[in-house]
A.B. asks: 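Please find one structure pasted underneath; my questions will follow.
Remember, it's a predicted structure, so these values are computed and weren't measured experimentally. Ligands are counted one by one from 1 in listed order, and the atoms in each one are counted from 1 as well. Here, residue 1 is the first one in the sequence, and each next residue gets the next number.
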Amino acid sequence: MNSLFTKDTQAIFWNNNKSAIQRMLDYDYVIQRKTPSVAAIVAPTSSNKFEKFFYGPDEIMVPVYKSTADAVKAHPSADVLLNFASFRTAYDVTMDALDLKQFRVIMITAEGIPERMARIMNHRARKEGVTIIGPATVGAIAPGAFKVANIGGTIENIVNSKLHRPGSCGLVTRSGGLFNELSNIIALNADGISEGVAIGGDRYVGSVFIDHLLRMEKNPDVKYMILLGEVGGVEEYKVIDAVKEGKITKPIIAWCIGTIAKHFSSGVQFGHAGASANAARETAEAKNAAMREAGIHVPDSFNDLPATINQVYNDLRNKGIISEIEEPVVPSIPKNRRPKNFICTISDDRGEEATYAGYPISSVATPDTGKSIGDVISLLWFKKVYPKWATDFIETVIKTVADHGPAVSGAHNAKVTARAGKSVVESLVTGLLTIGPRFGGAIDGAAKYFKYANDNEMTPAEFLSYMKKQGIPIPGIGHRIKSVRNPDKRVEGLKKYAAEYFPATPLLDYALEVEKLTTSKKDNLILNVDGTIGILMVDMWRALGYSEKEIDEFIESGTLNAFFIAGRTLGFIGHILDEKRLAMPMYRHPWDDILYDVQKAEEI
Ligand code: ACO
Ligand code: LMR
């Protein structure tokens with residue numbers, strides 16, 4: 001690529017540096033990018049899954065990952081890494097990133113990375129064709145396309161320095177502060193920059209002046225280049241050689257900062273680690289003279305630099321090499337932006353018609369759409385369009401668990417509450433509150449423990465003894481009235497459906513082996529309806545391509561019990577309406593059904 005960044009370039013930002021990321025997104029909004037320039041954040045210690053940022057007047061969510069590997073997997077086209085790790089971690093982050101082979105450019109902001117490590121890191125990146133910008137840098141910018149973090153400063157400064165749209169200068173500096181200063185000078189004396197890089201102030205930086213200038217030479221949008229070097233190092237001599245060898249033909253304007261050093265009796269170390277002359281040819285004076293001698297435009301002093309820029313720019317304009325730029329309209333960033341308190345990712349009621357995960361209600365509601373409750377659940381609970389065998393399974397589950405008569409815990413509670421004169425919703429809630437580890441709410445637990453046992457290749461006997469040690473009954477095993485001799489027809493129905501329509505049922509097959517063992521001990525220790533649902537849902541999700549991590553998250557968040565809650569709501573409401581229809585009086589439990597064993601309280 002002849003340019004470092006385009007309007008489609010996306011970065012992974014290592015470290016949750018909110019203000020720098022916000023600045024990038026404000027820039028994106030001002031230049032009207034279609035996609036945000038930050039695709040993802042890597043923050044190993046954060047438990048957040050996303051971070052909210054403003055995008056113009058609105059907010060967007062940027063996903064957060066615990067590792068660069070996870071971020072890379074989810075964002076395969078993000079080929080820039082903005083490594084904002086501290087100097088202690090930046091080396092490891094870079095080396096890990098190089099292992100992933102996705103990044104084309106890695107920018108490292110940390111100052112003070114041990115020089116030996118910086119050299120290893122830079123050497124490896126160069127060998128692999130990866131451009132390192134830094135360490136100790138504010139980064140780079142391709143105006144109108146992509147901006148790294150804080151380079152260019154505030155949005156006001158960026159617009160004033162014409163960094164919001166491409167100009168014709170290729171700028172390379174060591175210093176970040178002077179990069180901003182020069183951008184402003186170039187905006188005032190020419191038409192702004194096409195691409196700019198601050199290579200960083202450390203002695204051993206990854207990419208050096210010559211790397212960028214050779215690229216800019218090939219970039220047709222760059223018409224001339226400006227190099228702002230400083231005292232120390234010999235990188236400027238590589239540029240001189242390239243000019244002499246005819247590898248660079250576009251005009252270069254250059255200046256080396258630090259000419260004042262000659263007024264001091266001993267060697268001066270300026271702010272940057274690399275800014276100290278170790279030999280006569282490393283002084284700013286010597287480098288400026290050598291560059292001038294090679295035909296590079298070198299002013300007499302830094303103060304004369306603006307005039308030199310203006311002169312080279314005007315010359316290129318007169319020759320017709322640079323033409324007039326049409327200034328774009330700059331959308332303004334609204335003041336007093338307010339972060340939103342709620343987020344919704346499943347439905348939207350703002351348009352003409354509300355949608356379920358992007359699908360208008362009318363596209364799933366009526367029979368002619370061919371869509372079922374299973375489809376609606378797949379949209380609203382999972383934000384996916386599942387295949388028919390899966391939505392039919394979901395619907396089968398809902399219908400299967402809708403009711404199991406008046407005697408079960410939840411229906412009983414709902415009936416008693418309705419008879420106490422409470423409303424449908426109040427009575428329903430009392431019924432729902434009984435759903436838990438013993439009744440209807442063992443689905444998550446069944447999925448969790450059977451999956452764990454199977455993942456860890458436990459034999460059924462090992463699984464049983466593992467659960468015994470845990471001291472809890474195996475979720476999904478056992479029933480009060482159903483047994484081997486009185487099989488649960490619901491379980492048979494679900495198993496039959498799975499055998500016919502699921503691509504495979506490895507977890508169910510395992511659970512049935514466990515059931516053989518438990519029923520050999522006691523004949524009601526069958527795989528019950530909760531267990532069958534939980535286990536088959538795992539088989540379904542695996543067949544649908546979900547990762548183990550995603551399935552574990554479903555289990556942990558209680559998604560599986562939700563199928564019972566949704567289904568049994570139908571039955572509870574039926575029982576409540578039944579009570580109301582029958583105008584049943586308040587219920588009082590008969591004394592003769594209670595064992596009273598009340599002792600007189602002891603006095604203390
Ligand atoms: N795992 C291991 N052993 C069990 C299990 C189990 N899941 N369930 C019962 N047992 C054993 C008990 O330890 C007890 O053993 P013991 O006789 O040696 O002391 C014996 O079986 C009887 O135990 P109870 O609790 O009296 O069994 P009961 O038949 O009353 O319980 C229940 C039924 C509550 C469903 C029970 O089997 C259980 O807790 N299962 C796990 C939770 C579950 O799956 N619930 C959902 C049921 S389906 C539904 O609600 C829609
Ligand atoms: C149910 O679906 O409610 C049950 O399996 C529980 C029961 O005891 O019948």
A.B. asks: Looking only at the aromatic ring of each residue, does the gap between the centers of F393 and Y386 stay below 6.0 angstrom?
C.D. replies: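 Aromatic pair excluded; centres sit 6.0 Å or further apart.
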
A.B. asks: Return yes if some donor-acceptor pair links the side-chain N/O of K147 with the main-chain N/O of A149 below 3.5 Å, else return no.
C.D. replies: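 Yes, K147 side chain to A149 backbone: donor-acceptor pair under 3.5 Å.
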
A.B. asks: Which heavy atom of the protein is the closest neighbour of atom 9 (O) of ligand 2, given with residue, atom name and distance?
C.D. replies: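 Here the closest protein heavy atom is H404 ND1, 2.7 Å.
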
A.B. asks: Ring centres of F54 and Y29 under 6.0 Å apart?
C.D. replies: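 No, the ring centres sit 6.0 Å or more apart.
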
A.B. asks: Just checking, any donor-acceptor pair under 3.5 angstrom between side chains of T434 and S409?
C.D. replies: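 There is no such pair between these side chains.
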
A.B. asks: So among K422, K415, R419, which one has a side-chain contact (heavy atoms from CB on, under 4.5 Å) with S427?
C.D. replies: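 Option passing the side-chain contact (heavy atoms from CB on, under 4.5 Å) with S427: K422.
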
A.B. asks: Say whether D488, considering both its backbone and side-chain N or O atoms, lies within less than 3.5 Å of an N or O atom on ligand 2.
C.D. replies: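 In this structure, D488 places no N or O atom under 3.5 Å from an N or O of ligand 2.
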
A.B. asks: For K482 and ligand 2, answer yes if some heavy atom of the residue is under 4.0 Å from a ligand atom, otherwise no.
C.D. replies: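 Heavy atoms of K482 never come under 4.0 Å of ligand 2.
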
A.B. asks: Taking atom types as modelled and ignoring hydrogens, do the side chains of D92 and T89 form a donor-acceptor contact shorter than 3.5 angstrom?
C.D. replies: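 Side chains of D92 and T89: no pair found under 3.5 Å.
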
A.B. asks: Rounded to the nearest 0.5 Å, how far apart are CZ of R490 and NZ of K399?
C.D. replies: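 Answer for the CZ-NZ pair, R490 versus K399, is 15.5 Å.
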
A.B. asks: Heavy-atom distances under 4.0 Å are what count here, so tell me which part of R438 touches ligand 2: side chain, backbone, both or neither.
C.D. replies: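 For R438, there is no contact with ligand 2 at all, from either part.
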
A.B. asks: With a cut-off of 4.0 Å, which atoms of ligand 2 are near a heavy atom of V408?
C.D. replies: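 With V408 as reference, the close atoms of ligand 2 come out as 3 (O), 6 (C), 7 (C), 8 (O), 9 (O).
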
A.B. asks: Taking the side chain as C-beta and beyond, is there a heavy-atom pair between L544 and P387 under 4.5 Å?
C.D. replies: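 The answer is yes; the side chains approach within 4.5 Å.
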
A.B. asks: Starting from atom 3 (O) of ligand 2, find the nearest protein heavy-atom neighbour and note its residue, name and distance.
C.D. replies: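 Scanning the protein heavy atoms, the shortest distance from atom 3 (O) of ligand 2 goes to R568 NH1, 2.9 Å.
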
A.B. asks: Counting N and O atoms only, with roles assigned by atom type, does the side chain of E550 sit under 3.5 Å from a partner on the main chain of W541, one being a donor and the other an acceptor?
C.D. replies: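 Checked: no pair found.
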
A.B. asks: By number and element, which atoms of ligand 2 are closer than 4.0 Å to a non-hydrogen atom of H479?
C.D. replies: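 Contacts of ligand 2 toward H479, numbered from 1: 4 (C), 5 (O), 6 (C), 7 (C), 8 (O), 9 (O).
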
A.B. asks: Only heavy atoms of R490, strictly under 4.0 Å: list the atoms of ligand 2 that pass.
C.D. replies: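 Answer, ordered by atom number: 1 (C), 2 (O), 4 (C), 5 (O).
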
A.B. asks: Knowing that exactly one of F450, Y449, Y452 qualifies, which makes a ring-ring contact (aromatic ring centres under 6.0 Å, His included) with F463?
C.D. replies: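 Exactly one candidate clears the test, F450.
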
A.B. asks: Please produce the table of protein N or O atoms sitting under 3.5 Å from N or O atoms belonging to ligand 1, one pair a line, distance to 0.1 Å.
C.D. replies:
| from | atom 1 | to | atom 2 | distance (Å) |
| --- | --- | --- | --- | --- |
| ligand 1 | 1 (N) | I474 | N | 2.9 |
| ligand 1 | 7 (N) | I474 | N | 3.2 |
| ligand 1 | 7 (N) | I474 | O | 2.8 |
| ligand 1 | 7 (N) | I477 | O | 2.8 |
| ligand 1 | 29 (O) | N524 | ND2 | 3.0 |
| ligand 1 | 30 (O) | R480 | NE | 2.6 |
| ligand 1 | 30 (O) | R480 | NH2 | 3.3 |
| ligand 1 | 37 (O) | I477 | O | 3.3 |
| ligand 1 | 40 (N) | I477 | O | 2.8 |
| ligand 1 | 44 (O) | G476 | N | 2.8 |
| ligand 1 | 44 (O) | N528 | ND2 | 2.8 |
| ligand 1 | 45 (N) | R438 | O | 2.8 |
| ligand 1 | 50 (O) | G440 | N | 2.8 |

